[in-house]
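One structure is given below, encoded as structure tokens.
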Amino acid sequence: MSRDHLRSAERNAPAPAAGAPGRAPSGARPRSGSAETPYLELLARGASADAYEQPVLLARAEGLPPERIAALQQARALALRVRAELEGRRRREAELSALFETAHDLAGLRDLDAVLQAIVQRARSLLGTDVAYLSLNDPARGDTYMRVTEGSVAARFQQLRLGMGEGLGGLVAQTARPYVTDDYFRDDRFQHTRTIDAGVRDEGLVAILGVPLMLGHHVIGVLFAADRRSRVFEREQIALLGSFAALAAAAIDTANLLAETRSALAGLEHANEIIQDRSAVIERASDVHDRLAELVLRGGGVHDVAAAVSQVLDGTVEFTEAAAAPARALESSRAEGHAVRHRDDWIAAVAAGGELLGALVLRGHPGLDPVDQRTLERAAMVTSLLLLARRSAAEAEQRVRGELLDDLLDARDRDPRLLRERAARLRADLDATHAVLAARLEGGTADADEEADARRRLWAAASHLAATRQGLAAARDGGTVLLLPLPPGDTATDLARRTARHLGAAVHEPVTVGASAPVEHLTARPDTVAAAYTEARRCLDALRLLGRSGDGSAAEDFGFLGLLLAGERDIAGFVDRTIGQVVAYDERRGTELLRTLDAYFSCGMSPTRTKDELHVHVNTVAQRLERVGRLLGDDWQSPARALEIQLALHLRRLSEGTWPPPRT
């Protein structure tokens, strides 16, 4: 492509969207500045993926140096990754928003057809299919028929009725399992009939996905998404359509309940008292639906849902973990899809697909009206949606925190400004003082699956700890690495020990934690975090070799061995920790304790030879050594402490340029 063609394509590129940052006329032209600039402009205006090729093509056409072109190519790859991540987030946000909007429609259900039409429209929009439709089972005729269609153009297709086991929809209705085909007419897993195939051919459908509409363990219909071309539906798309099917089934169930209530009211006009009671129950159900919808929209939690249902049912409703609920009643509720009675309580399973997330328990309310029972069941469904939404958000944040820490550890050429911005979005301050910690489980097992599960639990606990402490966490080298801010007045050893206790309690197994020395300004030097992680791992290995598994420590906790463990040799810190009090005493009082201590070790720890070396009386030597003992502790002459003190004396002389020591 010539330079003129490239410039012409750039002139014809779509203008930035309203509100997007302004850009120079040659928005995709590589400038002499940062290679990321043109791609940031493309990201800001939401350009198509093809537009990301223009900066590199223009650079080649203009004959820019190879290193400039390579930098642009690297920036392009990163920008495309960011664009894909943003698109994925927008898609997930749109899916959750659609589910919440549908739940709101269900809470204020007035017209069943309108709710079902909205569900089908949203399913078609989010899955990006040509057609979406919903069929309902007809128990009287023993088949299933089209109820709602969206995007359909063929009249014969819209009037189809499928016998149980006939066609893909009949197979879903019969087996209560999702089915998907990327080429309908070549798929022999289900029974083809002339009528059904003719309707599908009129509509031009090729790829079809169908999921069952379930009430308890009964199938009441099928929700479909279909394309007029071959297509492979992803697992996430199947799950999303299943969520819409659950909402559609709830809408139908609610509509049926309201219809039954109206019929009962019409047939029992002579029993005015009963009618009034039923009306009050329905009013409470409508009230709880509205309250639950409001809670969902304003971001309420599971305990808010329990509190709202408690007020409506005039009882105590609690959310409990699955392990804390009665096992048999909980399993029965999940299998039947309804709340079940357990002694004087009612149990409603909170489940999503095949996963049991917990239970809503209504305490001390043995006599429960059927409508109130359904209210408890609706609350359990809303609770499951909230838990899934919270889990998705938490997993996304954990991934983002882990990716940022991986970039700090591995990517030495990251832009410090971008790193700070990414950290700020996670409420982390990379300019504050931090410590890098390496954590590893000690309860080994021969089972690979159990060990992998234990590592996942460690990573999850570390990620939660990092999120609550404005830090970062990532899985690495068979364990977990954390970057945590160091509170004022704390040492790295204090932080390591607290972290070891916290993680060990969270995973119910011993966790050993090694910490680096405090580090600051993490983005100023590219290798700061990597070097600190190496130091933390050396401390972790030292703890395990010393038999201190399940403990936490930093290099400063190992005395002179800490000099060998530290990534940057903190000689001044070691000297200060070891003999700093003696040095400070001499400076304040003008004494010669340090000189006496040096001579004492040089003379083989003999007071007599020391007094000759210093030309003082032996009592003077004894008094000075007694003062040293009060400053350094009674064990200062033990072999281990004496070795550290002598090493500190040598290092101090080396740092002052007075080696070898002068003779008196």
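Reckoned from all heavy atoms, side chains included, excluding hydrogens, waters and symmetry mates. Just so you know, residue 1 is the first one in the sequence shown, and it goes up from there. Just so it is clear, the structure is predicted and the values come from calculations on it, not from any experiment.
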Inset, instruction - Determine the interplanar angle of the Tyr600 and Trp636 rings, folded into 0 to 90°, and report it as parallel if under 30°, tilted if 30 to 60°, perpendicular if over 60°. - result: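 Aromatic pair Tyr600/Trp636 classed tilted.
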
[Y] and [X], any side-chain heavy atoms less than 4.5 Å apart:
{"X": "Leu631", "Y": "Leu593", "value": "yes"}
{"X": "Leu360", "Y": "Val350", "value": "yes"}
{"X": "Leu482", "Y": "Val513", "value": "no"}
{"X": "Arg630", "Y": "Gln581", "value": "no"}
{"X": "Leu241", "Y": "Gln237", "value": "no"}
{"X": "Arg76", "Y": "Leu72", "value": "no"}

Inset, instruction - I would like to know whether Arg334 and Leu330 meet side chain to side chain contact (heavy atoms under 4.5 Å, CB included); could you show each step before the answer? - result: CA-CA 6 Å; Arg334 178 172 67 168; Leu330 184 61; 5.9 Å; no

Give me the atom names and distance for the closest heavy-atom approach of [X] to [Y].
{"X": "Tyr533", "Y": "Ala438", "answer": "CE1-CB, 4.0 Å"}
{"X": "Leu437", "Y": "Ala496", "answer": "CD2-CA, 3.6 Å"}
{"X": "Ala439", "Y": "Leu503", "answer": "CB-CD1, 4.0 Å"}
{"X": "Ala380", "Y": "Ala348", "answer": "CB-CB, 4.0 Å"}
{"X": "Cys539", "Y": "Ala554", "answer": "SG-C, 3.7 Å"}
{"X": "Ala339", "Y": "Leu376", "answer": "CB-CD2, 4.0 Å"}

So, taking the atom named [atom1] in [X] and the one named [atom2] in [Y], what distance separates them when rounded to the nearest 0.5 Å?
{"X": "Leu597", "Y": "Leu625", "atom1": "CG", "atom2": "CG", "answer": "7.5 Å"}
{"X": "Ser243", "Y": "Ile238", "atom1": "OG", "atom2": "CD1", "answer": "12.0 Å"}
{"X": "Leu540", "Y": "Ser553", "atom1": "CG", "atom2": "OG", "answer": "10.5 Å"}
{"X": "His342", "Y": "Arg328", "atom1": "NE2", "atom2": "CZ", "answer": "10.0 Å"}
{"X": "Ile645", "Y": "Phe601", "atom1": "CD1", "atom2": "CZ", "answer": "5.0 Å"}
{"X": "Asp490", "Y": "Leu495", "atom1": "CG", "atom2": "CG", "answer": "6.5 Å"}

Between [X] and [Y] (side chain of the first, backbone of the second, donor and acceptor by atom type, cut-off under 3.5 Å), is there such a pair?
{"X": "Thr468", "Y": "His464", "result": "yes"}
{"X": "Asp477", "Y": "Gly479", "result": "no"}
{"X": "Thr512", "Y": "Gly550", "result": "yes"}
{"X": "Ser463", "Y": "Trp459", "result": "yes"}
{"X": "His434", "Y": "Ala432", "result": "yes"}
{"X": "Arg641", "Y": "Gly633", "result": "no"}

Inset, instruction - Show the numbers, then the answer: is there a side chain to side chain contact (heavy atoms under 4.5 Å, CB included) between Asp576 and Val583? - result: CA-CA 8 Å; Asp576 183 65; Val583 175; over 6 Å; no

Inset, instruction - Might you confirm whether atom CZ of Arg469 has over 12 heavy atoms from other residues, nucleotides or ligands at distances under 6.0 Å? - result: no

Inset, instruction - Tell me, yes or no, whether the heavy-atom count around Glu321 atom CD, taken from other residues, nucleotides or ligands under 6.0 Å, exceeds 12. - result: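 Not buried by this count: 12 neighbours or fewer within 6.0 Å.
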
Inset, instruction - Taking only Lys NZ, Arg NE, NH1 and NH2, and the carboxylate oxygens of Asp or Glu, determine whether Asp494 and Arg498 approach each other closer than 4.0 Å. - result: no

Inset, instruction - State whether Arg538 and Glu535 are salt-bridged, where the test is any N-O pair (Lys NZ or Arg NE/NH1/NH2 against Asp/Glu carboxylate O) under 4.0 Å. - result: no

